[in-house]
Amino acid sequence: MHPLSRGGRIAATAAALAVITAVALAGCTDGQPSDDEFYAAARQQNLLFKETVAAVQVRLYDGDW
């Protein structure tokens with residue numbers, strides 16, 4: 001099967017997905033973070049999201065159209 005064929009791309013994608021899944025699951029064996037750590041991580045992600053949305057809105061509303 002040629003690597004650039006549809007079947008080759010599907011096989012390569014499946015292999016990459018398997019590697020990513022294995023690496024992600026390997027990181028799960030250490031120990032579960034506490035509730036406070038989950039909360040802090042969620043707050044950080046929420047802040048990052050809000051900053052990103054605000055930056056897009058500034059570009060949309062204050063841009064030269």
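All values derive from a computational prediction rather than experimental measurement.
Scored by the side-chain contact (heavy atoms from CB on, under 4.5 Å) test, F38 finds Q32, P33 as partners (sequence neighbours excluded).
Through side-chain heavy atoms spaced under 4.5 Å, either directly or across other Ile, Leu, Val, Met, Phe, Trp or Tyr residues, V53 is tied to F49.
Listed for the E51 side chain is no donor-acceptor partner under 3.5 Å among the backbone atoms of L48.
Other residues, nucleotides and ligands contribute over 12 non-hydrogen atoms within 6.0 Å of the CG atom of N46.
Note that CG of L47 and CD of Q45 are 9.5 Å apart. Values are rounded to the nearest 0.5 Å.
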